[in-house]
Amino acid sequence: QVQLVESGGGLVQAGGSLSLSCAASGRTFSRYAMGWFRPAPGKEREFVATISWGGSSIYVADSVKGRFTITRDNAKNTVYLQMSILKPEDTAVYYCAAGKVGARMDLYDYWGQGTQVTVSS
């Protein structure tokens with residue numbers, strides 16, 4: 001089992017920045033790819049970004065490309081999502097997940113409880 005706890009969410013004005021963290025405990029964190037997802041209309045959750053276990057493969061959704069950056073620190077069992085130039089449409093609960101690298105939810109075996117990000121206009 002892997003337990004994931006997100007933090008760093010909050011309220012920010014449009015154009016601002018926010019950094020999310022996801023701390024993992026349990027099985028070896030470095031064996032898993034990590035991803036970030038958020039709810040979207042018509043979907044349970046949409047893909048935001050993913051990073052492979054060693055950090056060599058990174059994929060970011062087109063909607064956030066150039067604004068969001070995903071990184072990980074295996075020594076700290078933590079994955080990060082640095083968000084900048086935030087828009088009101090980025091408002092969502094952000095979930096981190098552990099599994100295999102990719103954009104599909106079914107690639108991920110473990111999920112956190114989510115952290116709320118609210119962007120005011």
So, does Ser17 use its side chain to make a donor-acceptor pair with the main chain of Ser84 at under 3.5 Å? no

Could you list the residues that satisfy salt bridge (charged side-chain N to carboxylate O under 4.0 Å, His left out) with Glu89, not counting sequence neighbours? none

Does NZ or CZ of Arg45 lie under 6.0 Å from the centre of the six-membered ring of Trp111, at an angle within 45° of the ring axis? yes

Write down the atom of Leu81, the atom of Ala49, and the distance for their closest heavy-atom approach. CD1-CB, 4.3 Å

Return yes if some donor-acceptor pair links the side-chain N/O of Ser63 with the main-chain N/O of Ala61 below 3.5 Å, else return no. no

Decide whether Ser120 and Gln13 meet the rule of one side-chain donor and one side-chain acceptor closer than 3.5 Å. no

Heavy-atom pair with the smallest gap, counting every atom of Tyr80 and Asp73: CE1-CB, 4.0 Å

Can a salt bridge be assigned to the pair Arg67 and Asp90 using a cut-off of 4.0 Å between side-chain N and carboxylate O? yes

Short side-chain to backbone donor-acceptor contact, Glu6 and Gln113, under 3.5 Å: yes

Judged by atom type as modelled, is there a donor-acceptor pair below 3.5 Å linking the side chain of Thr118 to the main-chain atoms of Leu11? no

Are any side-chain N or O atoms of Tyr108 and backbone N or O atoms of Gly102, one a donor and one an acceptor, separated by less than 3.5 Å? yes

Is Thr91 reaching over with its side chain to a backbone N or O of Val119, donor-acceptor style, under 3.5 angstrom? yes

